[in-house]
Amino acid sequence: MRGKQAALIAQLGEAVSGRKPYTFLAPGESAAQAFPPEARARLARIKRERDPGGVVRANFPITG
């Protein structure tokens, strides 16, 4: 199984980021595991602009 996984990763090349899909994060895991730093910064900026009072919340806040 590990050999097949390694072969698949090799075929996908640069398309493999090693990050988890955001919706697969478990409680306690960080958005840093799903998004690269520049994407997290952009999402945090949008969150501050659109929801300055912090009314909208989720299990995985981007700003934290």
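All heavy atoms count here, side chains included; hydrogens, waters and symmetry mates do not. Treat the numbers as computed from the prediction; the structure is a model and nothing was measured.
- Within the model, atoms NZ of Lys4 and CE of Met1 stand 7.0 Å from one another, a figure rounded to the nearest 0.5 Å.
- One distance of note links CZ of Arg2 with CD1 of Ile9; it measures 11.5 Å at 0.5 Å rounding.
- Side-chain contact between Gln11 and Leu8 is present, with at least one heavy-atom pair separated by less than 4.5 Å.
- Closest non-hydrogen pair, Pro21 versus Ala34, comes out as C-CB, 4.3 Å.
- Atom CZ of Arg50 is separated from atom CZ of Arg45 by 9.5 Å, given to the nearest 0.5 angstrom.
- Under a 4.0 Å N-O distance rule, the pair Glu38/Arg42 does not qualify as a salt bridge.
- Here the side chain of Arg19 pairs no donor or acceptor atom with the backbone of Gln33 at under 3.5 angstrom.
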